[in-house]
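The structure under discussion appears below in the form of structure tokens.
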2 protein chains.
Amino acid sequence: MADDSCGIARGLDLLGERWTGLVLRDVLRGFERFSDLQRELGVAPDVLSDRLAKLTRAGVVSKVEYREPGHRPRPKYVATESGIRLGLVLAALNDWADEFRPVPTGRPNALRYVEGPTGQAVHLAPVDDAGRVVDDARVELQVLR
Amino acid sequence: MADDSCGIARGLDLLGERWTGLVLRDVLRGFERFSDLQRELGVAPDVLSDRLAKLTRAGVVSKVEYREPGHRPRPKYVATESGIRLGLVLAALNDWADEFRPVPTGRPNALRYVEGPTGQAVHLAPVDDAGRVVDDARVELQVLR
DNA sequence: CCGTCTGAATAGGAAAAACCTAGTCAGGTG
DNA sequence: CACCTGACTAGGTTTTTCCTATTCAGACGG
């Protein structure tokens with residue numbers, strides 16, 4: 001990892017690498033087996049193997065041995081709490097791309113998050129420390145220097 | 001780009017590549033000149049050049065020619081509105097890393113966002129469609145299959 | 001002018017990562 | 001016991017990165 005002291009660097013150590021984010025996205029979408037992920041993404045098997053190992057080591061997904069009747073035991077990869085919450089960041093990235101990098105043929109989409117009890121859709125939005133939602137247009141970067 | 005139809009893929013086309021996210025982070029932190037970015041990040045100059053070009057083409061930063069007195073004209077790179085909003089996603093990634101990938105020696109940190117008028121700190125947080133903030137623990141992924 | 005300095009790159013070759021294809025290996029089925 | 005499926009691992013090629021040196025433009029000093 002480049003620089004531990006910055007959380008962005010620690011996050012990008014995972015997402016800022018080819019395939020890793022897409023692998024997580026598809027695990028969250030329910031593609032949990034090696035062959036499904038490989039087919040869905042079109043990634044080389046050695047690379048997929050490496051990425052799943054990295055995500056597993058980071059605690060973002062976990063490797064679960066299981067068996068379906070009539071099949072031998074094999075692993076599947078499921079998102080942990082940490083992975084689910086990182087998926088929310090991916091969803092925010094998705095919202096950003098829809099707004100600032102739209103594509104004409106754009107179709108909806110990837111991950112849907114909901115509030116458990118009510119089933120209401122949920123997105124990441126800017127909120128101040130008192131818990132009030134802030135309009136996008138008022139959010140600015142604080143310049144530090 | 002791998003697959004246009006998914007916003008996550010469009011976002012990761014930028015962030016899911018070595019250095020690109022870190023370059024944006026540092027531009028947002030106020031490192032705007034080539035040599036400053038190179039020194040700060042320790043990245044090879046040809047790679048930095050490539051990443052700045054990519055971010056510029058994507059409209060996330062823009063290349064501005066300017067001159068300081070006593071210097072010849074040279075470019076600086078400043079974040080656009082799009083880049084500032086993408087930085088908010090980086091800040092969410094930072095929050096995720098602080099929670100799920102902490103580091104013992106961890107020090108605070110990188111990007112600070114505020115509400116323009118009041119100067120109040122702002123973060124991305126889960127919000128439902130009615131604009132109510134949702135507790136993290138209640139957010140779950142909707143399984144689609 | 002002319003040599004020197006700064007800063008933004010570009011260039012060339014070595015090293016690392018990704019790609020592609022084929023092969024291994026475990027455990028089920030016919 | 002031959003054969004099948006599925007999760008990898010292995011070998012060789014292509015693509016990226018990395019590292020270092022070089023170019024190139026425009027001050028600035030003498």
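Chain letters run A, B, ... following the sequence lines, proteins first and then strands; every chain starts at 1. What you are looking at is a predicted structure, and each value in this text was computed from that prediction instead of being measured. All values below were derived from every heavy atom in this structure, side-chain atoms included, with hydrogens, water molecules and symmetry-related copies excluded.
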Quick one: side chain to side chain donor-acceptor pair (under 3.5 Å) partners of B/Glu115, sequence neighbours excluded?
-> B/Thr118
To the nearest angstrom, the CG-P distance between A/Asp36 and D/dG6 comes to 9 Å
Mind checking salt bridge (Lys or Arg N to Asp or Glu O under 4.0 Å) for B/Asp128 and listing every partner two or more places apart, or none if nothing turns up?
-> B/Arg132
Which atom names give the shortest non-hydrogen contact between B/Pro102 and A/Arg10, and what distance separates them?
-> CA-NH2, 4.3 Å
Kindly state which residues belonging to residues 38-57 of chain A come within less than 4.0 angstrom of DNA chain D, counting heavy atoms of the residue only, listed by number.
-> A/Pro45, A/Asp46, A/Ser49
With sequence neighbours left out, the residues meeting side chain to side chain donor-acceptor pair (under 3.5 Å) with B/Glu99 are A/Arg85
Distance-only donor-acceptor pairs under 3.5 Å for side chains of residues 48-72 of chain A, two or more places apart:
unit_1	atom_1	unit_2	atom_2	d
A/Arg51	NE	A/Arg18	O	2.9
A/Arg51	NE	A/Thr20	OG1	3.3
A/Arg51	NH2	A/Arg18	O	3.3
A/Lys54	NZ	A/Glu17	OE2	2.8
A/Thr56	OG1	A/Leu52	O	2.6
A/Tyr66	OH	A/Arg33	NH1	3.3
A/Arg67	NH2	A/His71	O	3.4

May I ask you to say what B/Lys76 touches in the nucleic acid, namely base, sugar-phosphate or nothing, with a heavy-atom cut-off under 4.0 Å?
-> nothing
Sequence neighbours left out, what passes side chain to side chain contact (heavy atoms under 4.5 Å, CB included) with A/Leu28? Give chain and number order.
-> A/Leu24, A/Ala79, A/Ile84, A/Leu111, A/Tyr113, B/Leu141
Nonpolar side-chain network containing A/Val127, other nodes, edges under 4.5 Å | A/Val133, B/Val127, B/Val133
When the distance from CZ of B/Arg18 to P of D/dT17 is rounded to whole Å, what number comes out?
-> 7 Å
Return the set of residues passing salt bridge (Lys or Arg N to Asp or Glu O under 4.0 Å) with B/Glu140 (not counting sequence neighbours), or none when no residue passes.
-> none
Kindly write out the residues that satisfy side chain to side chain contact (heavy atoms under 4.5 Å, CB included) with A/Leu124, not counting sequence neighbours, or none if the list is empty.
-> A/Leu88, A/Ala92, B/Ala92, B/Leu124, B/Pro126
Taking only nitrogen or oxygen atoms into account, show me every contact under 3.5 Å that the protein makes with nucleotides 24-30 of chain D, one pair per line with its distance.
unit_1	atom_1	unit_2	atom_2	d
D/dA25	N3	B/Arg72	NH1	3.0
D/dA27	OP1	B/Arg67	NH2	2.4

Identify the 5'-most and 3'-most nucleotides of DNA chain C with at least one atom closer than 4.0 Å to a non-hydrogen atom of chain A.
-> C/dA18 to C/dT29
How is the hydrophobic cluster of A/Val114 composed, in terms of its other members, when Ile, Leu, Val, Met, Phe, Trp and Tyr link through side-chain heavy atoms under 4.5 Å apart, directly or indirectly?
-> none
